[in-house]
Visitor: 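Let me begin by handing over the structure; questions about it come next.
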Protein chains: 2
Amino acid sequence: MKMSGGVEWGLHCCVVLSGAGAPVTAAKLAELHDVSQSYLAKQLQLLSRAGLVRSTLGQSGGYVLTRAANEITVLDVVEAIDGVQPAFRCTEVRQRGPMAVPAERCDTPCPIARTMDSADRVWRESLRRVTIADLIADVNRTTPPEILAGAREWLRA
Amino acid sequence: MKMSGGVEWGLHCCVVLSGAGAPVTAAKLAELHDVSQSYLAKQLQLLSRAGLVRSTLGQSGGYVLTRAANEITVLDVVEAIDGVQPAFRCTEVRQRGPMAVPAERCDTPCPIARTMDSADRVWRESLRRVTIADLIADVNRTTPPEILAGAREWLRA
DNA sequence: GGCCACGTACTCGGATAGTTGCTGTCCGAGTGTTTCAGG
DNA sequence: CCTGAAACACTCGGACAGCAACTATCCGAGTACGTGGCC
């Protein structure tokens with residue numbers, strides 16, 4: 001089980017976009033993070049489809065957040081890039097084989113599926129509790145101020 | 001993000017193995033669940049490596065659980081088949097690019113990684129709370145008794 | 001009749017192909033800016 | 001000098017290869033049972 005690596009990039013991009021007041025191009029974001037420019041563009045498209053960021057075309061275009069940083073949760077980004085369907089999908093094994101349970105007797109979900117769904121729910125709830133603003137506050141507290149200022153300046157240039 | 005489909009098979013097999021008093025062969029388990037015999041053998045090997053089941057060779061061989069059903073958690077099976085490493089792996093993006101943070105200043109983990117680790121922890125904790133015995137109790141309550149008896153008889157033959 | 005050795009049939013275990021989905025890349029459609037000519 | 005339109009340069013968006021991991025499979029190593037011969 002592996003999450004798409006684009007989730008990490010997307011979260012970093014949201015943090016950066018929140019700090020920059022002006023639109024930032026995908027090329028700048030890619031260079032800042034030293035990742036593939038074309039592939040990051042795809043992740044940004046996913047964020048755009050999900051309505052988390054808004055893209056503006058033209059010479060001074062780029063991406064901006066559509067909402068305040070404290071109104072975007074980590075779960076929003078994860079679901080935008082990695083998809084909303086849970087990792088576990090019940091294939092109804094109990095309805096197969098020589099001792100299959102008829103479908104009409106399967107009114108309640110398989111207990112295995114219920115267990116997995118419950119775990120998936122608490123996982124998503126945990127991610128929903130953290131917002132981009134929380135991440136930014138942590139970044140501001142743990143990274144040297146000169147690097148933050150430098151990055152802000154680098155984005156402007 | 002998708003979990004290995006073998007996890008579902010492995011859990012169903014543990015439930016069945018707990019009900020059967022004698023060793024059950026991989027071929028029988030595969031036929032009972034109507035899944036690929038060879039592929040399920042691979043999942044059972046993973047369970048064997050993890051020490052959850054014990055394999056006995058020879059004519060009347062097969063697989064048996066090594067512990068009581070209430071001492072095997074769903075997380076044990078998930079980690080045995082799907083692996084123990086978390087779905088999210090931090091690539092230390094902050095240490096890359098033109099505005100990289102030097103490694104010696106990165107004493108605390110990235111807040112993104114911390115958020116993901118926390119979510120992964122509650123997910124695993126949720127799965128750890130459910131045991132095979134819990135699954136069995138639910139199965140016994142929700143499936144018609146004649147099917148349970150039939151399956152037990154089918155396994156014996 | 002009891003015991004031992006052998007052969008057989010059955011089991012698991014690891015090494016080997018196939019397929020799906022993630023990773024990475026490219027070029028085309030669209031728009032804001034700039035420039036230049038005309039009034 | 002001001003205005004308007006056209007050309008340009010830069011942006012995002014979706015369609016196209018490459019690779020890794022999961023899925024599926026096969027055959028070989030090893031063991032318990034059954035059988036036959038011997039004592």
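On a predicted model such as this, the values are computed, not experimentally measured, just so you know. Labels below follow one simple rule: chain letters A, B, ... track the order of the sequence lines, proteins then strands, and each chain is numbered from 1.
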Visitor: If only atom types and distance count, is the side chain of A/Thr115 paired as donor or acceptor with the main-chain N or O of A/Pro111 below 3.5 Å?
Guide: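 Flag set: sc A/Thr115 to bb A/Pro111 pair under 3.5 Å.
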Visitor: Does this structure show an ion pair linking A/Glu125 with A/Arg129, if we count only N-O contacts that are shorter than 4.0 Å?
Guide: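 Salt bridge present between A/Glu125 and A/Arg129.
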Visitor: I need the residues from residues 44-52 of chain B with at least one non-hydrogen atom less than 4.0 Å from DNA chain C; give them sorted by number, or say none.
Guide: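 Contacting residues: B/Gln45, B/Ser48, B/Arg49.
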Visitor: Please check if B/Ile136 and B/Leu65 belong to a single hydrophobic cluster, counting links between Ile, Leu, Val, Met, Phe, Trp and Tyr side chain heavy atoms closer than 4.5 Å.
Guide: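 Per the 4.5 Å side-chain linkage, B/Ile136 and B/Leu65 are co-clustered.
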Visitor: For A/Gly62, does its backbone N or O pair with a side-chain atom of A/Thr56 as donor and acceptor, under 3.5 Å?
Guide: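 Between the backbone of A/Gly62 and the side chain of A/Thr56 there is a qualifying donor-acceptor contact (under 3.5 Å).
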Visitor: What does the B/S/- profile of nucleotides 24-33 of chain C look like, 5' to 3', with a 4.0 Å heavy-atom cutoff to protein?
Guide: BBB----BSS
Visitor: Hey, does B/Phe88 have a side-chain heavy atom less than 4.5 Å from the side chain of B/Asp120?
Guide: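 B/Asp120 does not reach B/Phe88 side chain to side chain.
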Visitor: What side-chain donor-acceptor pairs closer than 3.5 Å can you find for residues 34-52 of chain A, not counting sequence neighbours?
Guide:
| residue | atom | partner | partner atom | Å |
| --- | --- | --- | --- | --- |
| A/Ser36 | OG | A/Tyr39 | N | 3.2 |
| A/Tyr39 | OH | A/Gln43 | NE2 | 3.2 |

Visitor: Given the rule in the side chain to side chain donor-acceptor pair (under 3.5 Å) test, do B/Glu8 and A/Thr91 qualify, once you have shown the distances and angles that lead to the verdict?
Guide: CA-CA 8 Å; B/Glu8 185 181 12; A/Thr91 60; 2.8 Å; yes
Visitor: Within this structure, what is the OH-to-P distance between B/Tyr63 and C/dC10, rounded to whole angstrom?
Guide: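 Between P of C/dC10 and OH of B/Tyr63: 18 Å.
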Visitor: Heavy-atom contacts under 4.0 Å between residues 15-31 of chain A and DNA chain D, which residues?
Guide: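 Contacting residues: A/Thr25, A/Ala26.
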Visitor: Please report the distance, rounded to the nearest Å, between NZ in B/Lys2 and P in C/dC22.
Guide: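 Value for this atom pair: 10 Å.
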Visitor: Write down the protein N/O and nucleotide N/O pairs, taken from nucleotides 17-20 of chain D, whose separation is under 3.5 Å; answer none if there are no such pairs.
Guide:
none

Visitor: Taking NZ, NE, NH1 and NH2 as the nitrogens, is one of them in B/Asp76 or B/Arg128 under 4.0 Å from a carboxylate oxygen of the other?
Guide: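 No.
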Visitor: Quick check on contacts: within residues 73-91 of chain B, what sits under 4.0 Å from DNA chain D by heavy-atom distance?
Guide: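 DNA chain D contact set from residues 73-91 of chain B: none.
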Visitor: Count the heavy atoms of every other residue, nucleotide or ligand shown that sit under 6.0 Å from CD of B/Gln95, and state whether that count exceeds 12.
Guide: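 Yes, the 6.0 Å shell around CD holds more than 12 heavy atoms from other groups.
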Visitor: Can you tell if the side chain of B/Leu155 reaches within under 4.5 Å of the side chain of B/Val24, non-hydrogen atoms only?
Guide: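 They are in side-chain contact.
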Visitor: Calculate the interatomic distance between A/Gln43 atom CD and D/dG13 atom C1'; express it in whole Å.
Guide: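 These atoms are roughly 14 Å apart.
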Visitor: Got a donor-acceptor contact below 3.5 angstrom from the B/Thr142 side chain to the B/Asp138 backbone?
Guide: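 Such a contact is found between B/Thr142 side chain and B/Asp138 backbone.
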Visitor: With heavy-atom distances below 4.5 Å as the criterion, would you say the side chains of A/Leu148 and A/Asn140 are in contact?
Guide: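 Yes, close enough: below the 4.5 Å cut-off.
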Visitor: Side-chain contact test, heavy atoms from C-beta onward, threshold under 4.5 Å: evaluate it for B/Met116 versus A/Val7 and give yes or no.
Guide: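 Result yes, sub-4.5 Å side-chain heavy-atom pair found.
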Visitor: So does B/Arg96 have more than 12 non-hydrogen atoms from other groups sitting under 6.0 Å from CZ?
Guide: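 Check passes, neighbour count above 12.
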Visitor: Within the distance-only criterion (no hydrogens, no angle test), does the side chain of A/Thr143 pair as donor or acceptor with the backbone N or O of A/Val139 below 3.5 angstrom?
Guide: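 Yes.
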